[in-house]
Amino acid sequence: MQKKYLKWLLLILLFIVVALIVVIHSLTSGDLKISISDLPRLLFKNGDGVDFTIINTIRLPRIILGLAVGGALSLSGVILQGIYRNPLVEPYTLGISGGASIGVALTIVFGLPQLVGTYMLPLSGFLGALVTVFIVYSLSIRSGKIKIQTMLLVGVMVSFIASSFMMFLLSTTSSENIHSIIFWIMGSLDEPNSKLIGTTVIISVSSLLLSYLFVQPLNALRLGEEKARHLGINTDISIKILFVITSLLTGICVSMAGVIGFVGLIIPHLIRLITGSDFRILLISSFITGGSFLVLCDTLARTMLAPNELPIGVLTGMIGGTVFIVVLNRINKKSLID
Amino acid sequence: MDVFFDIQHYTCGYYRKFYINDINFTVKKGSLTGIIGPNGSGKTTLFKGITCELKAKEGRILLNGKEITRMSFRERARNFAIVTQKIEGADIRVEDYVMMGRIPYHSRFQFFETKNDVEIVEKYMEFINISHLRNKLMNELSGGEQQLVSIARALTQEPELLLLDEPTSHLDISHQVQLMNLIQRLNAQLGLTVLMIIHDLNLAGEYCDYLVLLKDGNVFNQGIPEDVLTYKNIEDVYGTVVITKTNPLSGKPLIFPVSERTLKQVQDSRTQNRIE
């Protein structure tokens with residue numbers, strides 16, 4: 001048993017090292033190449049050169065947001081997979097991202113951001129996500145049991161409805177709104193408001209801490225809801241609270257960085273292969289690695305076709321969609337879906 | 001032997017569908033009690049009632065005089081350990097699976113197992129003789145082994161009452177007997193009270209101290225196996241002709257099915273005898 005904890009500790013250190021490498025790579029690459037040896041000076045001392053400005057006001061905030069959003073998406077993916085006991089659910093496939101994006105788009109169209117201030121977009125994303133979770137959840141329950149397949153289908157349909165509705169909004173609203181909606185749908189970690197970045201980091205990290213209070217329910221749920229109850233878990237309440245946490249995370253991610261699909265799918269899947277299915281190690285590992293993955297994707301997105309910048313959702317979508325198909329294939333072979 | 005698990009006028013069921021009515025029986029401390037009955041007689045419904053998966057419509061279930069629906073989930077899990085037929089958690093290591101039985105004893109903020117937890121897990125893995133499987137994944141085990149791991153997990157809950165739902169149903173005869181012997185050992189050596197649903201009447205008769213026979217959602221008969229497993233009761237409840245004999249070694253009842261053809265032959269020869 002002690003050996004297990006030691007292994008976990010080493011794994012966490014490994015993931016942190018990987019994250020550091022990704023962060024340093026991201027800090028140094030771009031239009032303006034910066035050598036690694038200059039980094040400490042630029043990060044920890046005052047300066048006023050171009051490289052100092054680029055590192056501290058452009059690249060670093062972007063990396064911090066990437067870590068927070070990637071971690072949050074991956075965390076909500078792993079939690080949802082735990083609740084549904086299906087490795088294919090994540091905020092994007094369940095339509096939660098779609099719901100959150102409707103919330104945000106509506107807010108932009110009706111000009112509400114100016115009304116309530118900076119926090120309006122995250123809040124509307126959260127509400128959109130929460131409503132979607134409620135719809136998907138209640139539609140996929142038949143006589144007290146969740147039908148996984150129904151739920152995946154409902155989720156996909158909700159995504160379609162969301163994107164159609166988005167088209168509707170785009171075709172009826174003014175051109176400046178169109179610009180800000182499109183800019184935002186494409187997904188980007190470019191966020192000038194440091195207050196919002198700070199809020200995202202705080203919510204993301206505190207959700208991780210909060211999710212650790214539900215590590216026992218999540219672990220017990222691996223045996224199914226009924227067995228989890230037999231092990232003394234109040235499954236109804238746990239699942240509801242976990243849904244609210246994932247909605248909050250997804251809502252804020254979507255409102256900050258647009259719809260970024262599949263991070264919550266690929267990362268937990270890969271991590272589970274490395275760490276096993278115990279949520280005590282799974283949650284933190286997914287969080288750290290999800291963050292690194294998104295930062296890596298973002299670095300690629302802004303350097304691959306420089307000076308053009310690819311929307312980050314494009315990269316995660318292409319990689320993630322492929323992984324989705326591979327996973328589905330493997331599951332069908334094991335016939336886990338009944 | 002005192003009464004410590006008591007089901008009183010218990011009625012529960014599914015919405016507008018099937019109900020079990022006015023069930024009354026008690027389980028004595030340290031006993032091995034079996035619930036028997038044909039398919040659709042309400043065994044599983046009763047089991048779901050006892051495990052609080054279904055809400056009682058009337059009546060109550062008491063453990064040591066305390067109503068079980070008044071207990072918290074955690075308190076129930078410390079008192080009842082439940083082994084169901086379907087075993088899940090394919091990608092969990094055996095050792096970790098058994099450790100999950102300690103969850104009811106962990107506080108919300110406890111992320112690591114204590115030394116005591118580890119000792120308890122070791123003790124019961126040893127007792128059930130599955131220590132050599134500890135590093136295997138659940139889906140690498142045979143059905144019988146999975147059943148054993150599941151029972152080990154139940155024992156680490158250190159329950160007052162062990163509930164089993166048809167533990168022998170998918171096993172061949174040697175594994176059936178091994179499992180029932182194990183359950184008997186748990187009962188005798190650990191003093192654990194066991195309540196189980198059991199399909200096989202001969203195993204029920206051989207191993208249980210007390211039987212509750214269900215028919216159409218009602219208790220048809222209850223008592224010691226010798227009194228419950230009479231050919232008359234079986235024929236009334238199961239609607240099929242059987243012969244009962246006594247096991248020459250244990251003195252417990254044994255039930256033999258009678259095929260249609262044999263029955264006809266017997267009847268024919270009887271009529272012939274009468275004519276002659």
Side-chain angles (χ1 to χ4, degrees), chain A residues 1-9 81-82 85-87 142-145 209-238 241 269 271-284 330-331 334-336 338, chain B residues 14-15 17 47-48 50-54 71-84 86-93 95-97 99-115 117-119 121-122 134-135 137-139 150 153-154 156-157 159 163 165:
Chain A
M1 282 294 164
Q2 298 305 319
K3 244 168 62 188
K4 182 170 79 183
Y5 299 141
L6 188 68
K7 194 183 134 202
W8 286 357
L9 191 67
Q81 287 156 20
R85 295 190 303 127
N86 183 304
R142 290 276 177 283
S143 58
K145 282 182 85 177
L209 298 179
L210 196 60
S211 71
Y212 263 88
L213 294 184
F214 292 89
V215 120
Q216 279 164 19
L218 282 168
N219 268 339
L221 277 170
R222 291 184 292 174
L223 306 184
E225 277 191 53
E226 194 178 324
K227 286 264 177 65
R229 280 193 288 274
H230 295 168
L231 288 174
I233 303 296
N234 189 338
T235 49
D236 279 357
I237 287 180
S238 304
I241 295 175
H269 185 68
I271 296 298
R272 215 176 278 119
L273 290 178
I274 301 171
T275 64
S277 62
D278 195 315
F279 277 88
R280 286 176 290 185
I281 179 73
L282 201 50
L283 290 175
I284 177 95
R330 278 177 45 159
I331 291 175
K334 276 199 268 171
S335 72
L336 265 174
D338 43 9
Chain B
Y14 304 97
Y15 180 66
K17 267 195 206 153
F47 194 80
K48 289 202 164 167
I50 295 172
T51 57
C52 295
E53 287 293 312
L54 288 174
M71 296 179 182
S72 69
F73 281 89
R74 184 186 291 262
E75 192 181 353
R76 269 207 298 271
R78 290 178 185 185
N79 285 309
F80 299 93
I82 298 155
V83 177
T84 51
K86 207 175 159 198
I87 310 238
E88 299 190 62
D91 55 352
I92 303 176
R93 280 168 63 244
E95 195 178 9
D96 296 333
Y97 191 97
M99 184 58 89
M100 291 179 81
R102 298 304 296 167
I103 288 180
Y105 295 91
H106 289 174
S107 82
R108 182 150 282 240
F109 299 98
Q110 187 185 338
F111 299 120
F112 301 108
E113 290 99 22
T114 62
K115 237 194 182 117
D117 292 333
V118 178
E119 275 163 18
V121 166
E122 288 301 323
R134 66 171 72 236
N135 285 318
L137 296 180
M138 283 301 277
N139 58 4
S150 197
R153 190 266 304 146
T156 60
Q157 284 175 251
L163 291 166
D165 185 8

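Lettering of chains follows the sequences in order, A, B, ..., and the numbering in each one begins at 1.
Remark: the backbone N or O of A:Asn219 is paired with a side-chain donor or acceptor of A:Arg222 at under 3.5 angstrom.
Evaluation of the ring-ring contact (aromatic ring centres under 6.0 Å, His included) rule for B:Phe80 yields B:Phe5 as partners, not counting sequence neighbours. For the salt bridge (charged side-chain N to carboxylate O under 4.0 Å, His left out) test, residues two or more places apart in sequence or in another chain that qualify with A:Arg229 are A:Glu225, B:Glu53. Listed by chain and residue number, B:Phe111 satisfy the ring-ring contact (aromatic ring centres under 6.0 Å, His included) test with A:Tyr212 (two or more places apart in sequence, or in another chain).
Residue A:Ile237 qualifies as open at atom CD1: its count of foreign heavy atoms under 6.0 Å is 12 or below.
Your options are B:Ala81, B:Ala154, B:Ser107, and the one with the most heavy-atom pairs under 4.5 Å with chain A is B:Ser107.
Residue B:Arg78: no heavy atom, backbone or side chain, is found under 4.5 Å from chain A.
Residues B:Gln157 and B:Gly101 share a closest heavy-atom pair of CG-O, 3.1 Å.
Proximity to chain B among residues 276-283 of chain A is limited to A:Ser277, A:Arg280, judged by heavy-atom separations below 4.5 angstrom.
The pair B:Asp91-A:Arg272 does not count as a salt bridge, with every side-chain nitrogen at least 4.0 angstrom from each carboxylate oxygen.
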